[in-house]
Amino acid sequence: MISIQELLKQEAQKACKNLFGEESLTAAINVGITNKEFEGDYTVVVFPLVRFSKLSPEKTGEALGTYLKENTDYINDFNVVKGFLNLRLTAAFWIKNLEERSQKKELTIFSAKKEKVLLEYCGPNTNKPLHIGHLRNMLLGFSVSEILKETGSDVTKVNIYNDRGIAICKSMAAYIERGNGETPESSGIKGDHFVGDYYVMFGRIVEEQLRAKYKVSGEENVFKAIGKDREIAEQETPIFELAKKLLLQWEANDEYAVNLWKRMNGWVYDGFKKTFDVLGVDFEKDYFESETYKLGKDIIDEGVAKQVIYKRVDDAMAIDLTADGLDEKVLLRSDGTSIYITQDLGTAKLRHDEFKMDKMIYVVANEQDYHFKVLKLALQKLGKKWADGIYHLSYALVESPTGRFKSREGKTADADDLIAEVLRIAEEKTKEHGKIEDFTAEDAQALYKTIGLGALKFFILRVNPFKKIIFNPEESIDFHGQTGPFIQYTHARIKSVIRKANIASLTLNQQTELSETERQIIQQLSEFENILIDAAAKYDPSEVANYLYNLSKLYNKFYNESPIIAAKSEDEKTLRIALSSITARTIAKGMKLLGIEVPEKM
RNA sequence: CGCUCCUUAGUUCAACGGAUAGAAUAGAAGUUUCCUAAACUUUAGAUACAGGUUCGAUUCCUGUAGGAGCGACCA
């Protein structure tokens with residue numbers, strides 16, 4: 001279906017051709033929604049047309065407006081202000097638009113693009129619980145995939161677990177030293193936190209052992225006292241030796257080390273799964289670094305054969321990207337073992353062999369912009385056509401007002417804690433309002449979850465991905481104003497009215513009068529498809545989030561100024577119900593694309 | 001040193017190169033015999049700085065200042 005803006009654009013182009021001649025078609029005709037302060041629905045900017053009309057901006061606008069009014073049946077009126085032609089469409093046009101919308105079973109219809117998209121998101125390390133950064137990643141990844149699906153792509157969501165390496169071995173070492181056979185079950189601690197706690201404990205053991213070795217008292221900062229950084233100093237400790245030994249054993253497939261590794265990672269996956277379920281995110285396929293970390297060497301060989309990759313004097317394999325403004329990049333260590341980029345090259349190829357996708361989207365923080373530039377470019381240089389479809393959906397970090405959240409400093413940025421906190425607030429606020437006395441305890445819990453997560457998800461998704469989010473853990477997430485609960489409330493409010501209105505037919509009378517706000521709502525509703533197309537093209541859910549907020553805001557204004565059930569006439573009542581109903585459906589649909597549920601009552 | 005990104009009310013976010021820069025929140029003042037007041041109405045408050053391109057610049061270009069990230073045979 002063609003959008004109204006597109007329709008007007010074409011109409012204006014035809015008009016210009018007739019009025020000012022063929023060549024005026026080369027001018028970009030700019031149609032936008034009219035600003036609130038002016039009279040009109042859509043605005044054509046006439047400045048670019050002046051050189052063809054050879055008239056003043058005002059005269060050009062007048063000419064175009066007159067022509068459009070005479071040659072269409074839906075343009076009611078126009079005015080020209082300083083080179084802006086404001087067009088007013090007829091009420092009948094808007095009512096017809098509303099009616100068509102209300103009769104469609106699906107709010108939006110997009111033809112399938114048959115584009116196969118693989119979207120990787122989340123990517124946790126198994127030695128630490130999920131934090132607020134993962135939250136942004138997951139909410140973004142999930143929402144983008146929903147939006148892409150909605151607009152016609154075939155999306156497969158995958159996760160990659162960074163499940164091997166020295167980090168998890170540190171947790172294992174600490175567990176061997178201090179675990180005493182405890183398990184998440186015996187301690188009642190969620191699996192990922194359980195293992196994460198031992199990672200933290202590893203750090204403490206390092207400090208203890210250094211204090212003992214250098215006789216530093218408990219008061220002083222031990223690293224300052226001995227004048228070494230943690231990364232250097234820890235290597236002198238027995239606990240680090242143990243971790244390193246475990247890593248070597250693991251790589252040698254030693255039974256003890258592998259079993260412990262499996263056991264501890266198993267706890268972590270159980271813990272992660274709980275968080276994924278609460279958030280409502282999922283993956284069609286899991287990848288594990290432990291299974292892919294040796295991949296990519298065949299690609300290096302291929303590159304050598306093609307003379308794209310070469311062996312340096314120090315035996316490391318490298319690729320020269322200086323012609324593209326990047327540096328020389330080592331792709332394989334001189335001892336022949338792989339590094340991060342090696343396995344990413346291999347994994348990319350593996351996935352392409354497996355899925356033959358057109359696009360591969362990596363949802364990864366902007367710290368890795370350079371890495372993904374290299375990855376894509378290297379694959380392209382190797383002649384992989386499909387590398388053109390690689391896209392790094394880069395997002396900025398979530399920071400506290402004082403800067404980056406440090407995993408070492410307390411739990412302020414922990415995902416599970418944050419979720420628990422918003423659920424608690426949702427419960428508290430809901431009880432304050434006291435509108436759900438008739439709910440069962442189970443339904444009430446479900447509602448707290450809907451509202452709490454709605455607040456959290458909207459808080460994160462409303463911000464443009466490439467802009468950093470400042471989150472102050474001292475102040476809790478808001479439930480009033482520009483928030484998820486505001487939109488959810490609008491939905492519940494509409495549902496309540498519709499339940500009470502008890503109306504069967506939604507046949508509209510096109511002669512009904514429209515208020516300014518009603519007109520704006522219908523116009524806003526008609527923009528929904530455009531917003532989705534835009535959001536999909538930019539991989540940006542914040543467009544949807546802001547749209548839904550504006551729609552809800554407009555609706556609440558309308559709700560306050562116009563009686564619905566007690567409208568003056570039946571026609572008016574039917575129109576307002578139809579308007580309300582489609583607004584609710586649009587909100588529900590849009591929120592679903594953000595991964596947010598909407599309640600019938602709250 | 002080089003490259004990339006960011007800088008808009010006290011604070012958190014908006015604004016295809018378009019009109020008098022929108023919201024929210026915090027502040028002040030109002031609205032509930034009526035459909036859900038988690039709402040609505042009124043009020044005050046911002047484009048880091050200096051140039052340039054343009055009919056028109058928060059947006060594009062150059063420079064300056066401030067912040068972040070990257071430039072690993074770490075991930």
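Note on naming: letters A, B, ... go to the chains in the order of the sequence lines (proteins, then strands), and numbering restarts at 1 for each one.
- Between A/F458 and A/P485 the shortest side-chain heavy-atom distance does not fall below 4.5 Å.
- Within 4.0 Å of A/D369, counting heavy atoms only, lies no atom of the nucleic acid at all.
- Separation of the P atoms belonging to B/U12 and B/U7 is 12 Å when rounded to the nearest angstrom.
- At B/A23, one or more side-chain N or O atoms of A/K36 fall inside 4.0 Å of OP1 or OP2 (strictly under the cut-off).
- The residues A/R404 and A/E399 are annotated as not salt-bridged, no charged nitrogen and carboxylate oxygen being separated by less than 4.0 angstrom.
- Straight-line distance between the P atoms of B/G69 and B/G51: roughly 32 Å, to the nearest whole Å.
- In RNA chain B, consecutive stretches of 3 or more Watson-Crick or G-U wobble pairs with both distances under 3.5 Å are given as paired ranges: B:1-7 with B:65-71, B:10-13 with B:22-25, B:27-31 with B:39-43, B:48-52 with B:60-64.
- Nearest to the side chain of A/I451, among B/C73, B/A38, B/U12, sits B/A38.
- Taking atom CD of residue A/E543 and atom P of nucleotide B/G22, one finds them 20 Å apart after rounding to whole Å.
- Using a 4.0 Å heavy-atom criterion, one finds that A/S562 contacts the bases of the nucleic acid, with or without backbone contacts as well.
- One finds no side-chain N or O of A/H480 lying less than 4.0 angstrom from the OP1 or OP2 phosphate oxygen of B/A24.
- Taking 4.0 angstrom as the limit, A/K553 places none of its side-chain polar atoms (N or O) nearer than this to OP1 or OP2 of B/G22.
- Of the candidate nucleotides B/U36, B/A19, B/A38, B/A38 has the atom lying nearest to any side-chain atom of A/H433.
- Contact annotation: A/R333 side-chain N/O to B/C74 OP1/OP2 distance is under 4.0 Å.
- Here, B/C3 and B/G22 have their P atoms 37 Å apart, quoted to the whole Å.
- Crowding of A/E597 atom CD: a count of heavy atoms from other residues, nucleotides or ligands under 6.0 Å not exceeding 12.
- Residue contacts for A/L331: at a heavy-atom cut-off of 4.0 Å it reaches no nucleic acid atom on any strand shown.
- For A/K82, no side-chain nitrogen or oxygen approaches OP1 or OP2 of B/G18 to under 4.0 Å.
- Residue contacts for A/I565: at a heavy-atom cut-off of 4.0 Å it reaches a base atom on one of the strands shown.
- With respect to A/K373 and A/D369, no salt bridge is recorded, no charged nitrogen being found less than 4.0 Å from a carboxylate O.
- The CD atom of A/E328 sits 9 Å away from the P atom of B/C73 (whole-angstrom rounding).
- One can place CZ of A/F84 at 6 Å from P of B/A19, the figure rounded to the nearest angstrom.
- Set against B/A19, B/C13, B/A38, the side chain of A/V81 has B/A19 as its closest nucleotide.
- Atom P of nucleotide B/U7 and atom NZ of A/K468 are separated by 9 Å, given to the nearest angstrom.
- Side-chain contact between A/E475 and A/N472 is present, with heavy atoms from C-beta onward closer than 4.5 Å.
- Comparing the P positions of B/A23 and B/A46 gives an interatomic distance of 15 Å, to the nearest angstrom.
- Not a single donor-acceptor pair, N or O on each side, falls under 3.5 Å between the base of B/C35 and the side chain of A/S496.
- Here the P atom of nucleotide B/A39 and the CD1 atom of A/I487 are 11 Å apart, to the nearest Å.
- The side chain of A/N560 approaches B/C40 more closely than any other nucleotide in the set B/C40, B/U8, B/A75.
- Taking only side-chain atoms of A/V45, from C-beta outward, the nucleotide of B/A38, B/G18, B/U25 with the closest atom is B/G18.
- Using a 4.0 Å cut-off between charged nitrogen and carboxylate oxygen, A/K170 and A/E234 count as a salt-bridge pair.
- A/R312 has no side-chain polar atom (N or O) that falls below the 4.0 Å cut-off from OP1 or OP2 of B/C73.
- Within the 4.0 angstrom heavy-atom criterion, base atoms lie near A/T43.
- At least one donor-acceptor pair under 3.5 Å links the side chain of A/R333 to the backbone N or O of A/S338.
- A donor-acceptor contact shorter than 3.5 Å links the side chain of A/Y547 to the backbone of A/Q524.
- Distances shown here put every side-chain N or O of A/K557 at or beyond 4.0 Å from the OP1 or OP2 atom of B/A39.
- Here the separation of B/U59 from B/A72, taken at their P atoms, is 34 Å to the nearest Å.
- Across the C1' atoms, B/U8 and B/C70 are found 27 Å apart, a figure rounded to whole Å.
- Residue-level contact check: A/I339 touches the backbone only, with heavy atoms under 4.0 Å from sugar-phosphate atoms and none from bases.
- One can place CZ of A/F405 at 16 Å from P of B/A68, the figure rounded to the nearest angstrom.
- For the pair A/T483 and A/F38, both in contact range of RNA chain B, the more 5′-proximal nearest nucleotide belongs to A/F38.
- At the heavy-atom level, A/Q343 lies nowhere under 4.0 Å from the strands shown.
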Nucleotide-resolved protein contact map, nucleotides 55-60 of chain B, B/S/- at heavy-atom distance under 4.0 Å
B-----
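- Two residues are said to be in side-chain contact when any heavy atoms from C-beta on lie closer than 4.5 Å; A/K429 and A/I425 meet this criterion.
- Considering only side-chain N and O atoms, A/K329 lies nowhere under 4.0 angstrom from the phosphate OP1 or OP2 of B/A72.
- When side chains are defined from C-beta on, A/S562 counts as touching A/R576, because their heavy atoms get closer than 4.5 Å.
- Of the two residues near RNA chain B, A/A566 and A/N86, the one whose nearest nucleotide lies more 5' is A/N86.
- With rounding to whole Å, A/D335 atom CG is found 13 Å from B/C73 atom P.
- The structure places CG of A/L139 at 9.0 Å from OH of A/Y121, a figure rounded to the nearest 0.5 Å.
- Between A/Q235 atom CD and B/C74 atom C1' there is a gap of 12 Å when expressed in whole angstrom units.
- Shown here is A/R312, whose CZ atom has more than 12 heavy atoms of other residues, nucleotides or ligands within 6.0 Å.
- Straight-line distance between the C1' atoms of B/C61 and B/U54: roughly 12 Å, to the nearest whole Å.
- Within the 4.0 angstrom heavy-atom criterion, no nucleotide atom of any strand lies near A/M317.
- When heavy atoms are screened at a 4.0 angstrom cut-off, A/Y370 is found touching the sugar-phosphate backbone but no base atom.
- Less than 6.0 angstrom separates the ring centroid of A/F459 from the ring centroid of A/F471.
- A/Y549 comes within 4.0 angstrom of the backbone, heavy atoms only, and of no base.
- For the P atoms, the distance from B/A24 to B/A44 is 14 Å, rounded to whole Å.
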Tell me, with the steps shown, if A/Y362 and A/F372 meet ring-ring contact (aromatic ring centres under 6.0 Å, His included).
CA-CA 9 Å; A/Y362 293 87; A/F372 282 100; 4.8 Å; yes
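- Residue-level contact check: A/T430 touches the bases, meaning some heavy atom is under 4.0 Å from a base atom.
- When heavy atoms are screened at a 4.0 angstrom cut-off, A/N464 is found touching the sugar-phosphate backbone but no base atom.
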